[in-house]
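I have placed the structure first, in the form of structure tokens, so that the comments after it can refer back to it.
This chain uses plain numbering: 1 for the first residue, then up along the sequence. Note that these values count all heavy atoms, side chains included, but never hydrogens, waters or copies made by symmetry.
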Amino acid sequence: MNQEDQCRCLNETIRIGDELLSSAKFEADRASWTTMLFDEHANIIWRELVTIYNGVCGIVLFLLELYKRTEAEKYLCAAIAGIRWVDHYCRHHPDDNYAFYTGRMGVSYTMIKVFEITKDTAYLEMALHNARRCNRFLDLSHSDDLLNGVSGMLLGLLHLYALTHEQWVLQRISSAAEHLANTAYHGKVGVYWDHSPNCIRGLCGLSHGASGIGFVFLELGNYFGDATLYWLAEQAFLYEASCYDESIRNWPDFRKGIHNPEDYEEHIKAYLQNNLAFFTMHGDMNAWCHGAAGIGLVRLRALELLGKPVYEREAQLAITKTFTTTVECQSLRRWQTFTLCHGDGGNAELLLEAYRHFGHASHLVGAEAIAVRALNSKEAGQAYSPGYTGAGTREDKSLFMGNAGIGYFYLRMLDPLNVPSVLAPRLSPYSMHFREPANEEGITILKCNPRTIVIQSLFRRTLYVMKCLAPNATQGYLENDSTQPRASEKLQFIHFVEKTMVTLSPEIQERLCDVYELELEKVRMNDAIASNALLHIEELVRCDRLRSLNADEKALLMKQEYKLNRAAVIKSTKWRWDLASPDQWAENLTSAPSAYQVLLTQASTGITEDQLSQFSYMVLNAFQNVCVAGELIERVIAAFEPILDSEKERLKNIVTEQVWKAITSGVIVTDNSGSDGFNGLTVPPELTRPV
């Protein structure tokens, strides 16, 4: 950036800072700002919030960096007044949301940053006090992502521990890390954390997807020197690599949410029209929050810490996509914002980090082009569009959605090697050396082998039997550090089980094969789900239809032909492996074989598993072939003849209830070639080899 543009950039940053000071609400020694939000009716409202994302903490972070650049005390004073307001607010308004960007853990992080500049330990004590309640977030949070969930809390705890070495903080770190290891889902390869009805499949990306959680495990692995934490990060990156779409040169945006009545109607229409593409066609978004720009930041960090060529290749893919969408093709976009979350300022972060890592001038030139475009736009009298579409010319003040973030981008542009990234915050040199740890060596964050945790999420019962019947081989497998971190743990374990099984006695093989085939079938079914969103809307439509039926309409349904849904499988086993009764599994290792049936069903939240009674099995198994529901009921009753009339009526009610339950749950369907055919079990080729 030439000297003239540097001056323009600094002057505009100062103007944004001064504007924030003039709009602050000062009260005693505290200061706050109102920032923009949209309510449930899409109306703009203004609120005082504490968060980094769109509240006072984000503005404080900007003012701290502006002070460091200009040494103007007014910015530091305003930042201190802001954090005092935040502390006062939090003490009087307790909250159990300890997300990093959108909750209270970001408050502690901001207090840490104030401490690092002022050296006043009172702010460090504030940060510790604020974080005390964070353990409740593990029980209450419905998200694991970086923006709103547990992984963000974990990142904030790491920053807090690096400065304080408080044992209770370390315990919270361990609990949160174990939570994330236990809540990981398996893709066809690798792991992810979001299994939501509002998505086609598990999300990629930094704010809500696998990259964000992988980034946190990278930072943990780096600080504690623990390769098992790196392993979890690499499993997340492996999942995203499997999702990369060459046709769009990007990692897909798998969101398919229902957020308002219009979305619901659109989903219903697509479902009724058998429009499979609507539920499986992913988006092509490139921003910090979703897509290449954020994923590239994480891959650069992985390259820096692990030095593997695969991460350089993936980083280069992300950089190329960001150049294309943000630098070269910007004139083609109808709406443009320079904010951090999903604007050009956030995308430029990848180019600045690439420059820091590789030292190539082209990366810096690309970021400069974005900054100059933003400056030109403002000098031409245009407003900075906030990150909210529909806000018009109204500007926001916040860090991720408004002007504080644009100012932060300008500061990064002026000094990319020294102004810290707020979009992928790593530990600062100050926090790494402030206080020597009492006993950093020997700290174990995950008390259980993470590979064991990940395997158990799919093959809990198989692993149990393997440990009992082939203990040496199983222990050797789990303790083998030579397994490839960029190879799918699921497929490696499948290969291990099948390789080991042939070495066992026929009796042991029979028991192991029995439980393994049950769990492998669930894996196959889960991998075959085309879209969680499709299953979700199918469930909604079915419930809505059946809820409004009268008695005559229900009777009419009993006269229709049904068949077992292709999204459901009846699996027979020789022993009972009920997930709800793990204490009984030991009996299966010595007891004689019998006959049990399990119903496996694809659902928007995963594969459900239900133990069937012999009676339920008899009813459902009859629908393996097409049959009329009412006629089946009569056939079942006839099979129990002769019986008393009173018993006959009771039996009819029981069978009818079973059939009706199967209809309402979608286990049996009227036509498998229609919408239910969306979920046909297409078994991935890597899982088709028989035992």
Side-chain angles (χ1 to χ4, degrees), residues 52 57-58 60-61 64-65 68 98-101 105-119 121 123-124 126-128 130-131 134 146-147 150-174 176-177 180 206 211-230 232-233 294 297-307 311 349 352-353 356-357 408 412 415-441 443-446:
I52 288 176
C57 279
V60 168
L61 290 175
L64 289 174
E65 292 303 319
K68 288 162 63 176
Y98 274 85
F100 184 80
Y101 287 111
M105 192 52 68
V107 169
S108 288
Y109 174 82
T110 308
M111 291 168 171
I112 287 171
K113 293 303 173 183
V114 175
F115 159 72
E116 288 181 354
I117 290 178
T118 65
K119 309 299 186 292
T121 56
Y123 297 109
L124 203 54
M126 285 182 188
L128 287 166
N130 175 74
C134 71
L146 180 64
L147 186 73
V150 171
S151 63
M153 181 187 81
L154 179 54
L155 181 64
L157 285 169
L158 175 62
H159 283 262
L160 189 58
Y161 179 74
L163 279 171
T164 66
H165 295 282
E166 291 279 346
Q167 285 303 299
W168 69 265
V169 178
L170 182 63
Q171 291 169 2
R172 302 283 200 277
I173 287 174
S174 181
L180 291 171
L206 203 156
S211 266
I213 299 174
F215 171 75
V216 175
F217 278 114
L218 280 179
E219 295 305 306
L220 285 171
N222 179 45
Y223 183 78
F224 291 106
D226 189 339
T228 63
L229 300 169
Y230 283 146
L232 273 168
L297 285 175
V298 179
R299 295 307 186 272
L300 285 174
R301 185 59 169 158
L303 176 61
E304 185 175 15
L305 295 177
L306 304 177
Y311 298 125
E349 179 78 3
L352 293 172
E353 280 298 290
R356 186 185 66 82
H357 187 88
Y408 203 101
R412 285 276 289 149
D415 192 3
L417 301 183
N418 294 303
V419 175
S421 172
V422 73
L423 298 180
R426 61 190 67 183
L427 292 173
S428 69
Y430 187 89
S431 64
M432 295 288 282
H433 300 100
F434 169 67
R435 185 177 298 168
E436 288 299 321
N439 181 24
E440 206 67 43
E441 293 185 5
I443 290 177
T444 302
I445 299 303
L446 295 173

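Residues R412 and S421 are in side-chain contact: their nearest non-hydrogen atoms beyond the backbone lie under 4.5 Å apart. Using a 4.5 Å heavy-atom cutoff, the side chains of Y109 and N130 are not in contact. Between E116 and P420, every side-chain heavy-atom pair lies at or beyond the 4.5 Å cut-off. Using a 4.5 Å cut-off on side-chain heavy atoms (C-beta onward), F224 and T444 make no contact. Proximity of V419 to Y408: side-chain heavy atoms (C-beta onward) are separated by under 4.5 Å at one or more points. Residues I173 and L154 form a side-chain contact, since some pair of their non-hydrogen atoms from C-beta on lies under 4.5 Å apart. Between L170 and I445 the shortest side-chain heavy-atom distance falls below 4.5 Å. With contacts defined as side-chain heavy-atom distances shorter than 4.5 Å, the pair Y123/I112 does not qualify.
Here the side chain of H159 pairs a donor or acceptor atom with the backbone of P425 at under 3.5 angstrom.
One finds no salt bridge joining E353 and R299 here, because no Lys/Arg side-chain nitrogen approaches an Asp/Glu carboxylate oxygen to under 4.0 Å. Remark: E65 does not engage K113 in a salt bridge, criterion side-chain N to carboxylate O under 4.0 Å.
Rounding to the nearest 0.5 angstrom, the gap separating the CZ atom in F100 from the CE atom in M153 is 12.5 Å. Between R426 atom CZ and L158 atom CG the span is 13.0 Å, to the nearest 0.5 Å. Atom CG of residue L446 and atom CG of residue L229 lie 5.0 Å apart, to the nearest 0.5 angstrom. For the atom pair L206 CG and L147 CG, the distance stands at 9.5 Å (nearest 0.5 Å). In this structure, CG in L155 is found 8.0 Å from CG in L220, a value given to the nearest 0.5 Å. Separating the CH2 atom in W168 from the CG atom in L157 is a distance of 7.0 Å, to the nearest 0.5 Å.
Across all their heavy atoms, L160 and A131 have their closest contact at CD2-CB, 3.7 Å. Nearest heavy atoms, A127 versus S108: O-OG, 2.8 Å. A233 approaches G214 most closely through the heavy-atom pair CB-O, 3.3 Å. Nearest heavy atom pair, residue N222 against residue Y230, reads CA-OH, 3.0 Å. Between S151 and L146, the shortest heavy-atom distance links the atoms OG-N, 3.1 Å. Between F217 and L180, the shortest heavy-atom contact is CZ-CB, 3.8 Å.
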